[in-house]
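First comes the structure, then the notes that go with it.
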Protein chains: 2
Amino acid sequence: MTSAGRQSWRDLRDHIRGRILDQTFRPGDKLPRDEDLAQEFQCARTTVQRAMQALVDDGLVERKRKGGTTVRPDPVTRTTLDIPITRAEIEARGHGYRHHLIDRSTPEAPATIAARFGTPDPGKLLRLRALHLADGQPYVFEDRWVSFDTVPEIAAVDFSQVSSNEWLVRNRPYSRCEVQIYASPCTADEAAIMEVEPGTAMLVLERTTWLDEAPITHVRALHAPGYRLITGEARPGKLAR
Amino acid sequence: MTSAGRQSWRDLRDHIRGRILDQTFRPGDKLPRDEDLAQEFQCARTTVQRAMQALVDDGLVERKRKGGTTVRPDPVTRTTLDIPITRAEIEARGHGYRHHLIDRSTPEAPATIAARFGTPDPGKLLRLRALHLADGQPYVFEDRWVSFDTVPEIAAVDFSQVSSNEWLVRNRPYSRCEVQIYASPCTADEAAIMEVEPGTAMLVLERTTWLDEAPITHVRALHAPGYRLITGEARPGKLAR
DNA sequence: AAGTGGTCTAGACCACTGA
DNA sequence: CAGTGGTCTAGACCACTTG
């Protein structure tokens, strides 16, 4: 049971993870106190902390003061999803990027949009509809609403030059983001824009972002058939684990 | 520019994040060395490390030894996606759960599955097709392949009692997981099982898991129309941030 | 070769939270 | 109120990476 002479929080993390994988520790079980683990592994408690923090991030264990560390009783498959700027994504695939502003208006905010922002009155909104193309083929159609109150500068931006997607991500980072992903049949309007048959199965990503409770933008992005979201691989910018 | 008397790595993280948000630090910019920040903030370098680690996890900055800390030049929208066990998900919505094993076989592994596992020969595989129902309505149809080599016990499990989904997640956690998400029109076969019209837009989640290079399972899960994947909100089991 | 982040230690005190 | 995790410190050494 005991182990000797290890080093690095990674080793400890892997050891504990191994004990969870091989069922030595089962869901709901309580793990030893940090201090006992530190003694067992001949390391400082800080190192145990570091290992535990990684396990918490992975969703494998839960920790509570006084309550100790327990294996999560409800296993989940946890992955990280990175959604790049559409232009960068297309160029990374080696395709030529182009985008096209379809229209720009300031209509009344529909109730659905207000609901997404979580406020009864989201204030005055700018609506932008745009198409991103990869090698001239429709790639993503986005229907976006931007808050004038939170992002007043938006009025002066020329979106025939920069896409609203890119401008916002680069200039107005968010503090909170909610994403919804679903499949939806293409409407006639959308089909005409995306150059597909009406009713075609499309992957839709809806993103809503806030800066400290203040709504920034809500966007519904329709992806061309064949598009796949991929998660879980190498995570650049993340600590090697 | 300087700030005094702060405390906690969270404050430092928020401060830096604020400087990135308000464009004091722009994408590609280099941040001060840890030691300088530590001095500026009157804290130990360890505390700076902790704050930086959080920013790396959030995808806001990159760090390299000798290269220093830089603001990521390619902003991404990073979210965490938790995929629960289907039974738990249905019950959490207040619906009654039932599942139904459609068939169980041991066919030759198609090339597509081998490719997903990343090995020319994934060994002998068990194929399971099952339907999960919420209040008697088709909810998820899963088409699963399980490696006999990696999971020999699978042969003895009675999947009319426990779903393969739940059995695997509970008994055979993985060390690596890759997820692909896309929209797909329902085939005639699938339509009959899911009780929808052929061609209906369905959200598909494909998951492949390994235990240290050894393939465990690959599953293609078709979700009923209306299903939405939601990310980004409260993350139980994750450090409060 | 030198600079910068990565990790570790030993000890201290704080902040929850369960008994 | 007592036990356990959370955070912080000051200092040390290591490991990468760039000039």
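A note on names: the letters A, B, ... follow the listed sequences, proteins ahead of strands, and every chain is numbered from 1. Owing to the predicted nature of the structure, the values given are computational and were not obtained by experimental measurement.
Atom-to-atom distance recorded for A:Phe117:CZ and A:Thr217:OG1 is 5.5 Å, nearest 0.5 angstrom.
Note on B:Arg63: a side-chain N or O is less than 4.0 Å away from OP1 or OP2 of C:dG6.
Geometrically, A:Arg19 does not engage A:Phe25 in a cation-pi contact defined by less than 6.0 Å to the ring centre and at most 45° from the axis.
Taking atom CD of A:Gln39 as the reference point, atom P of C:dT9 lies 13 Å away to the nearest angstrom. With rounding to whole Å, B:Leu12 atom CG is found 14 Å from D:dT7 atom C1'. The interatomic distance linking A:Gln49 (CD) with C:dA10 (P) rounds to 16 Å, in whole Å. Between the P atom of C:dG6 and the CD atom of A:Gln53 lies a distance of 13 Å, rounded to the nearest Å. Computed from coordinates, the B:Phe41 CZ to D:dA10 C1' distance equals 20 Å when rounded to whole Å. Residue A:Glu62 contributes atom CD, which lies 13 Å from atom P of C:dT17 at whole-angstrom precision.
Using a cut-off of 4.0 Å between Lys/Arg side-chain N and Asp/Glu carboxylate O, A:Asp29 and A:Arg26 are scored as not salt-bridged. Under 4.0 Å is where a charged nitrogen must lie from a carboxylate oxygen, and between B:Asp58 and B:Arg13 no such pair does.
Within residues 28-38 of chain B, the residues having any heavy atom closer than 4.0 Å to DNA chain C are, in order of number, B:Arg33, B:Asp34. For DNA chain D, the neighbouring residues in residues 64-71 of chain B, judged by any heavy atom under 4.0 Å, are B:Lys64, B:Arg65, B:Lys66.
A:Phe41 has its ring centre less than 6.0 Å from the ring centre of A:His15.
With 3.5 Å as the limit, one finds no donor-acceptor pair spanning the side chains of A:Tyr97 and A:Glu89. B:Thr24 and B:Asp22 share a donor-acceptor pair across their side chains, judged by distance under 3.5 Å alone. There is a side-chain donor-acceptor pair under 3.5 Å between B:Glu142 and B:Ser164.
A donor and an acceptor atom sit less than 3.5 Å apart, one in the side chain of B:Arg45 and one in the base of C:dG6.
Using a 4.0 Å heavy-atom distance criterion, B:Thr46 is classed as a base contact.
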